[in-house]
Amino acid sequence: MRDLTDAPKDLNAALLDWYDVHARKMPWRVSPEARKAGERPDPYRVWMSEVMLQQTTVAAVRDYFHRFTSRWPTVRDLAAAEDAEVMGEWAGLGYYARARNLLKCARTVVADHDGRFPADHAALLKLPGIGPYTAAAIASIAFDLRHTVLDGNVERVMARLHDVHAPLPAVKPDLMALAEILTPTERPGDYAQAVMDLGATICTPKSPACGICPWRAPCRARARGTAPDLPRKTPKKAKPTRQGIVFIGQRTDGAWLLETRPETGLLGGMLGWPGSEWVDSGSALSETGAPAEAPWDALPAEVRHTFTHFHLILEVRVARLDSAVTPTRGTFVPAQGFRPSDLPTVMRKAFDLARAHF
DNA sequence: AAGGCGGGGCA
DNA sequence: TGCCCAGCCTT
């Protein structure tokens, strides 16, 4: 019985042929002509894009990538940035530990690696915010080393190609083994991007375009009609709902009363409005958390927002603060120094609700 | 091994 | 409204 894994050369040749024609144009890639001339992409830009792309779509990343690389063109520029500048520029992209680790990583590369990303998978893996996927992506894409990327796209492609029905995440090591078999010695960087492009544009989660897939002939899920149902996943549990109160105060001189959240935990290191604890719906709403003595006015509407693992309903209270007031928490940010875009999305929603009041 | 950690797009 | 999805880190 001839197995798929006996013919990896035919498979990745077909994929690379497809990629040479259909590669997605992305800001962190070099043009096909430059690539044929032997030019490699800038490891700094590859790293930046891959960190932004963790759990995030290309469409959401594009503008952020342009802003970051324009403002900080090299890893040395980024390493020299202030924490608050980087966190503010990341605001709205989510998973804020990535931004904290981005800065840590840049500073480590400058301090320990002379400002150059190491062309070595194990060394990359030691850097903050770089896990198995990102290390393999940088090693292959930036340095053309033979490493296998296994992201959600590749998991899906492998599960379908081999018609694997066992559910994720338990089956992940098996999918990794299958992906490794197919990884070529020639052009491993292009191959890595090709598999991921295939997953993003052809082998999509719903209604895959099997008819135009370069792997339609060998694909076992296509033959059995199971492709749209793969990969299977173990069910996730329901999100609880929590509730809380935020206080949006503006001093008579226009300054806003804000606070920087603790480094760790939800929205860690981000700017936000002071407020109560967030408690499970059903338990009593805590009335604590007001950052200053003032006649707080409750807004008639509330903010609804969903995080990774819970829903949140936020009451918003607003007040004009006397210039003599001394806040018990937070600091005043002058009006001209405050950009709503520096806020994470839930805090920006609260501000959007409140700004009509001022 | 399991859980914390955003946000946008879609039906 | 609820469901989907492009990892890493901590415990």
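Quantities reported herein were computed from a predicted structural model and do not represent experimental measurements.
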Handout entry: Comparing K206(A) and A97(A) on DNA chain B - which has the more 5′ nearest nucleotide
Key = A97(A)
Practice task
Starting at atom CE of M52(A), determine the distance to atom P of dG6(B), rounded to an integer number of angstrom.
Solution key: 16 Å
Completion exercise
For E259(A), the salt bridge (Lys or Arg N to Asp or Glu O under 4.0 Å) test, sequence neighbours excluded, returns R329(A)
Practice task
Assign R156(A) to base, sugar-phosphate, or nothing according to its heavy-atom contacts below 4.0 angstrom with the strands shown.
Solution key: sugar-phosphate
Problem - Polar pair under 3.5 Å, donor/acceptor by atom type, side chain T308(A), base dG6(B) - result: yes
Practice task
Indicate whether OP1 or OP2 belonging to dC4(C) is found under 4.0 Å from a side-chain N or O atom of K233(A).
Solution key: no
Handout entry: Pi-cation contact, W256(A) with R348(A) (under 6.0 Å, within 45°)
Key = no
Completion exercise
The single option from H309(A), H311(A), H305(A) that satisfies ring-ring contact (aromatic ring centres under 6.0 Å, His included) with F307(A) is H305(A)
Fill in the blank from the handout: The nucleotide from dA6(C), dC8(C), dC5(B) with an atom nearest the side chain of N153(A) is dA6(C)
Practice task
Measure from NZ or CZ of R67(A) to the centre of the six-membered ring of Y64(A), then state whether that distance is under 6.0 Å and the direction lies within 45° of the axis.
Solution key: yes
Fill in the blank from the handout: Winner on side-chain proximity to F307(A), out of dC5(B), dT1(C), dG6(B), is dG6(B)
Problem - Interatomic distance, E155(A) CD vs dG7(C) P [rounded to whole Å] - result: 7 Å
Exercise for the section: Could you tell me whether E287(A) and R317(A) make a salt bridge, using a distance below 4.0 angstrom between a side-chain N and a carboxylate O? Expected result: yes
Handout entry: Separation between the C1' atoms of dC9(C) and dG8(B), rounded to whole Å
Key = 24 Å
Handout entry: Note: R35(A)-E33(A) ion pair, threshold 4.0 Å (strictly below)
Key = no
Practice task
Determine the Euclidean distance between corresponding C1' atoms of dG9(B) and dC8(C); express it in Å to zero decimal places.
Solution key: 24 Å
Exercise for the section: Round to a whole Å and report the spacing from CG of L168(A) to C1' of dA1(B). Expected result: 15 Å
Exercise for the section: Give a yes-or-no answer on whether the side chains of T252(A) and D322(A) include a donor-acceptor pair shorter than 3.5 Å. Expected result: no
Exercise for the section: Sort and list the pairs that fulfil ring-ring contact (aromatic ring centres under 6.0 Å, His included) and have at least one residue in residues 11-33 of chain A, not counting sequence neighbours. Expected result: W18(A)-H22(A), W28(A)-F65(A)
Exercise for the section: Not counting sequence neighbours, list each pair that qualifies as a ring-ring contact (aromatic ring centres under 6.0 Å, His included) and has a residue in residues 285-304 of chain A. Expected result: F247(A)-W296(A)
Problem - Sugar-phosphate only, base, or nothing, as touched by Y95(A) at under 4.0 Å among non-hydrogen atoms - result: base
Practice task
Decide ring pair (Phe, Tyr, Trp, His ring centres under 6.0 Å) for F351(A) and F338(A); before the verdict, give the C-alpha distance in whole Å, the side-chain angles of both, and the deciding distance to 0.1 Å.
Solution key: CA-CA 12 Å; F351(A) 180 69; F338(A) 170 59; 5.3 Å; yes
Completion exercise
K172(A) NZ to dG7(C) P, in whole Å, measures 8 Å
Exercise for the section: Counting heavy atoms from C-beta on, name the nucleotide in dA6(C), dG7(B), dC8(C) closest to the side chain of P344(A). Expected result: dG7(B)
Exercise for the section: Provide, to the nearest angstrom, the distance between the CZ atom belonging to R242(A) and the P atom belonging to dG4(B). Expected result: 8 Å
Problem - Electrostatic pair K36(A)-D190(A), nearest N-O below 4.0 angstrom - result: no
Problem - Nearest to side-chain heavy atoms of T345(A), which nucleotide of dG7(C), dG8(B), dC5(C) - result: dG8(B)
Practice task
Round to a whole Å and report the spacing from CZ of R304(A) to C1' of dG2(C).
Solution key: 13 Å
Handout entry: Pairwise P distance, dT11(C) and dG6(B) [rounded to whole Å]
Key = 16 Å
Practice task
Look at D151(A) together with R156(A) and state whether they make a salt bridge at an N to O cut-off of under 4.0 Å.
Solution key: no
Using the 3.5 Å cut-off, write out each protein N or O paired with an N or O of nucleotides 9-11 of chain C and the distance between them.
{"from": "dC9(C)", "atom 1": "OP1", "to": "G129(A)", "atom 2": "N", "distance (Å)": "2.4"}

Problem - Candidate list L168(A), L178(A), V171(A), test side chain to side chain contact (heavy atoms under 4.5 Å, CB included), partner E155(A), passing option - result: L168(A)
Completion exercise
Of P205(A) and A135(A), the one whose nearest nucleotide on DNA chain C sits closer to the 5' end is P205(A)
Practice task
Mind listing the residues from residues 53-66 of chain A sitting with a heavy atom below 4.0 Å of DNA chain B? Number order is fine.
Solution key: Q55(A), T56(A)
Handout entry: Neighbours of DNA chain B within residues 257-272 of chain A, by heavy-atom distance under 4.0 Å
Key = G265(A), L266(A), L267(A)
Practice task
Would you tell me if any nitrogen or oxygen in the side chain of H309(A) comes within less than 4.0 Å of OP1 or OP2 on dG3(B)?
Solution key: no
Fill in the blank from the handout: To the nearest angstrom, the NE2-P distance between H311(A) and dG6(B) comes to 16 Å
Practice task
Please work out if K239(A) contacts a base, only the sugar-phosphate, or nothing of the nucleic acid, heavy-atom cut-off 4.0 Å.
Solution key: nothing
Exercise for the section: Can you tell me the distance, in whole Å, between the CG atom of D197(A) and the C1' atom of dA6(C)? Expected result: 12 Å
